[in-house]
Amino acid sequence: MGYSKKDLKELKDFYQNQLLNDTIPFWFPRSVDTEFGGYLLMRDEEGGLIDDDKAVWIQGRAAWLLSTLYNTIEPKQEWLDNAKSGIDFLKNHCFDADGQMFFHVTRDGKPIRKRRYFFSETFAVIAMSAYAKATGDNSIAHNARQLFEKCIEYSKTPGLLQAKFTATRPLKGIGVPMIMINTAQQLRENIGDPRCNEWIDKWIDEIETYFVKDDIQCVMEQVAPDGSIVDHIDGRTLNPGHAIEGAWFILHEAKYRNNDPRLIALGCKMLDYMWERGWDKEYGGILYFRDVYDKPVQEYWQDMKFWWPHNESIIATLLAYTLTGDMKYAKWHKMVHDYSYDKFHDKENGEWFGYLHRDGSIAQTAKGNLFKGPFHLPRQEWYCMTLLNEHLEEN
């Protein structure tokens, strides 16, 4: 069974209601730090603060979210003012003297930790581009484009950032090209940049060439520089949710390019491969890690259910369905939607728990920490609401 027009309208209304009346009110305005700027996002199930440190990733993500709500739903001054708090905190406290961004800072912006990759920068790019669109601030738009240029340099220049591993067994991960696809998409769609299409093509080609394995129907998380599978634990470990997130970035690009059939086929293939690898046929939900050859996985959280792969799978399956009309994707979307809103959603306090045991019981009750905040869930609800609205208008 597929979705009727009435079903899709009800689904659109559901996502809109969850976003505006459940998810966003959990975080804002209480998370805005009126003393030091930015956001206090490490919170328990009721919204109480459990730590006042700030993850730079999530400062950028929250500023992107608030700016995007302002740009696409309603120009609420509160959303714009709160977005500015995050943008100012990023600019004033989150860049080291060498230009690289921090990962973890104190409440007042003193540095605690840097990491060996540049995802803080990518989230700052999308935040600045969305805020520049909201305000028309050309200086912020310039900052976003400059930082995007720095991200390109980091992505194409081995050794520019400190390596995590020695050169004994080189690996490259899917994370950089997939995150850069989305970063470029957000930059292009918010303020425009003539470099984006060419680079998006390059990153999609990199994923297709090196990470998508048709012979074993898989999307690898890490490969050797030539794309071969490294038969050690790190090389064999798959992250189904990550690959499915990459699949919907490619499907989004297909939609942007007037339903490009090659990109639809690639994105759907990636989704197909990793749904089969990741969906837990016994308990439901997306397993966190799998081994490409079904050997034991090293990480002890390998069979847990984390919130964000379910957000990405909800988007990917709905996008695949609206692009193809294939009933399989409607069925998968209903499966992951129903599982997620049954198991993760906190119906009493709002928002989602982040971490479940394999059987769907809650592993711990934090709603926010260094990695979880107002991003994957509200992005999913916003994206699905917007997608369905467009789909219903076109059909």
Side-chain angles (χ1 to χ4, degrees), residues 56-58 60-61 63-64 68 90 94-95 99-101 103 114-130 132 141-164 170-212 219-223 225 227 239 241-257 260 263 266-267 270 274 308 312 315-316 319 375-376 379 383:
V56 174
W57 279 20
I58 311 182
R61 289 169 162 186
W64 170 83
T68 298
L90 289 170
C94 297
F95 287 86
Q100 188 184 352
M101 294 186 76
F103 170 73
K114 286 168 79 171
R115 301 191 80 177
R116 298 178 181 88
Y117 43 72
F118 54 94
F119 294 156
S120 291
E121 285 82 348
T122 64
F123 299 125
V125 170
I126 66 172
M128 290 176 179
S129 69
H142 178 68
N143 289 344
R145 294 189 181 103
Q146 274 193 320
L147 195 54
F148 179 63
E149 176 66 33
K150 182 165 264 188
C151 290
I152 292 173
E153 288 299 312
Y154 286 144
S155 74
K156 70 179 186 180
T157 313
L160 199 56
L161 294 174
Q162 182 184 354
K164 187 174 183 178
L171 291 168
K172 64 177 182 178
I174 198 173
V176 167
M178 63 164 281
I179 291 294
M180 289 300 288
I181 289 168
N182 186 247
T183 303
Q185 288 170 335
Q186 286 295 310
L187 181 66
R188 177 185 64 194
E189 293 165 34
N190 278 314
I191 57 175
D193 190 298
R195 298 168 293 181
C196 290
N197 286 356
E198 178 186 355
W199 277 102
I200 288 170
D201 283 338
K202 289 179 180 177
W203 290 315
I204 290 175
D205 287 345
E206 182 179 354
I207 290 172
E208 184 174 24
T209 301
Y210 294 100
F211 295 93
V212 178
V219 182
M220 300 302 297
E221 183 71 10
Q222 296 189 100
V223 292
N239 186 329
H242 211 210
I244 289 171
E245 184 178 15
W248 84 251
F249 293 163
I250 291 171
L251 290 172
H252 178 84
E253 192 63 22
K255 183 173 183 291
Y256 179 84
R257 299 186 187 193
D260 181 297
L263 295 182
L266 175 60
M270 292 170 63
M274 299 314 284
W308 66 265
E312 308 315 323
I315 295 175
L319 192 46
F375 183 63
H376 288 280
R379 180 175 72 169
Y383 190 94

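The first residue of the sequence shown is numbered 1, and numbering continues consecutively from there. Keep in mind that what you see is a predicted model, and the values were worked out from it rather than measured.
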For Arg145, is there any backbone N or O sitting under 3.5 Å from a side-chain donor or acceptor partner on Arg195?
yes

Hey, mind stepping through Ile179 and Phe119 against side chain to side chain contact (heavy atoms under 4.5 Å, CB included) and telling me if it holds?
CA-CA 8 Å; Ile179 291 294; Phe119 294 156; 4.1 Å; yes

Any heavy-atom pair between the side chains of Phe118 and Glu153 that's under 4.5 Å?
no

Checking Ile174 against Met220 for the side chain to side chain contact (heavy atoms under 4.5 Å, CB included) test, could you report, in this order, the C-alpha distance in whole Å, the side-chain angles of both residues, the deciding distance, and whether it holds?
CA-CA 7 Å; Ile174 198 173; Met220 300 302 297; over 6 Å; no

Look at the side chain of Thr209 and the backbone N and O of Glu206, then say whether any donor-acceptor pair between them is shorter than 3.5 Å.
no

Would you tabulate the side-chain donor-acceptor contacts of residues 241-254 under 3.5 Å, counting partners in other chains and residues two or more places apart, or write 'none'?
{"residue": "His242", "atom": "ND1", "partner": "Glu221", "partner atom": "OE1", "Å": "3.2"}
{"residue": "His242", "atom": "ND1", "partner": "Glu221", "partner atom": "OE2", "Å": "2.7"}
{"residue": "Glu245", "atom": "OE2", "partner": "Arg379", "partner atom": "NH2", "Å": "2.8"}
{"residue": "Trp248", "atom": "NE1", "partner": "Glu312", "partner atom": "OE1", "Å": "2.7"}
{"residue": "His252", "atom": "ND1", "partner": "Tyr383", "partner atom": "OH", "Å": "2.7"}
{"residue": "His252", "atom": "NE2", "partner": "Glu189", "partner atom": "OE1", "Å": "3.3"}
{"residue": "His252", "atom": "NE2", "partner": "Glu189", "partner atom": "OE2", "Å": "3.0"}
{"residue": "Glu253", "atom": "OE1", "partner": "Gln185", "partner atom": "NE2", "Å": "2.9"}
{"residue": "Glu253", "atom": "OE1", "partner": "Arg188", "partner atom": "NH2", "Å": "2.9"}
{"residue": "Glu253", "atom": "OE2", "partner": "Arg188", "partner atom": "NH1", "Å": "2.9"}
{"residue": "Glu253", "atom": "OE2", "partner": "Arg257", "partner atom": "NE", "Å": "2.7"}
{"residue": "Glu253", "atom": "OE2", "partner": "Arg257", "partner atom": "NH2", "Å": "3.0"}

Could you list all the ring-ring contact (aromatic ring centres under 6.0 Å, His included) pairs where at least one residue sits in residues 173-197, not counting sequence neighbours?
none

Is there a side chain to side chain contact (heavy atoms under 4.5 Å, CB included) between His376 and Arg61 once you walk through the steps?
CA-CA 9 Å; His376 288 280; Arg61 289 169 162 186; 3.7 Å; yes

Contact summary for Ala127 and Gly60, nearest pair of heavy atoms
CB-O, 3.2 Å

Distance from Thr68 atom OG1 to Ile126 atom CD1, nearest 0.5 Å?
7.5 Å

When the ring centroid of Trp64 is compared with that of Phe123, is the distance short of 6.0 Å?
no

Output the distance between atom CD1 (Ile207) and atom CG (Leu266), rounded to the nearest 0.5 Å.
8.0 Å

Qualifying ring-ring contact (aromatic ring centres under 6.0 Å, His included) pairs, either residue in residues 172-212, two or more places apart:
Trp199-Trp203

Scanning both residues in full, the closest heavy-atom pair of Cys196 with Leu187 reads SG-CD2, 3.9 Å

Tell me whether the rings of Tyr117 and Trp57 are parallel (<30°), tilted (30 to 60°) or perpendicular (>60°).
tilted

Taking C-beta and beyond as the side chain, do Lys172 and Val223 meet within less than 4.5 Å on heavy atoms?
yes

Could you check if a side-chain atom of Glu121 sits within less than 4.5 angstrom of a side-chain atom of Tyr154, using non-hydrogen atoms only?
yes

Atom pair CD (Gln100) and SG (Cys94), whose distance is rounded to the nearest 0.5 Å
12.5 Å

Test item: Cys151 and Thr183 side chains (from C-beta on) under 4.5 Å apart, heavy atoms:
no

Derivation and outcome, side chain to side chain contact (heavy atoms under 4.5 Å, CB included), residues Met274 and Asn239
CA-CA 9 Å; Met274 299 314 284; Asn239 186 329; over 6 Å; no

Between atom OG1 of Thr157 and atom NZ of Lys150, what is the distance when rounded to the nearest 0.5 Å?
12.0 Å

Rounding to 0.5 Å, atoms CE (Met178) and CE (Met180) come to a distance of 12.5 Å

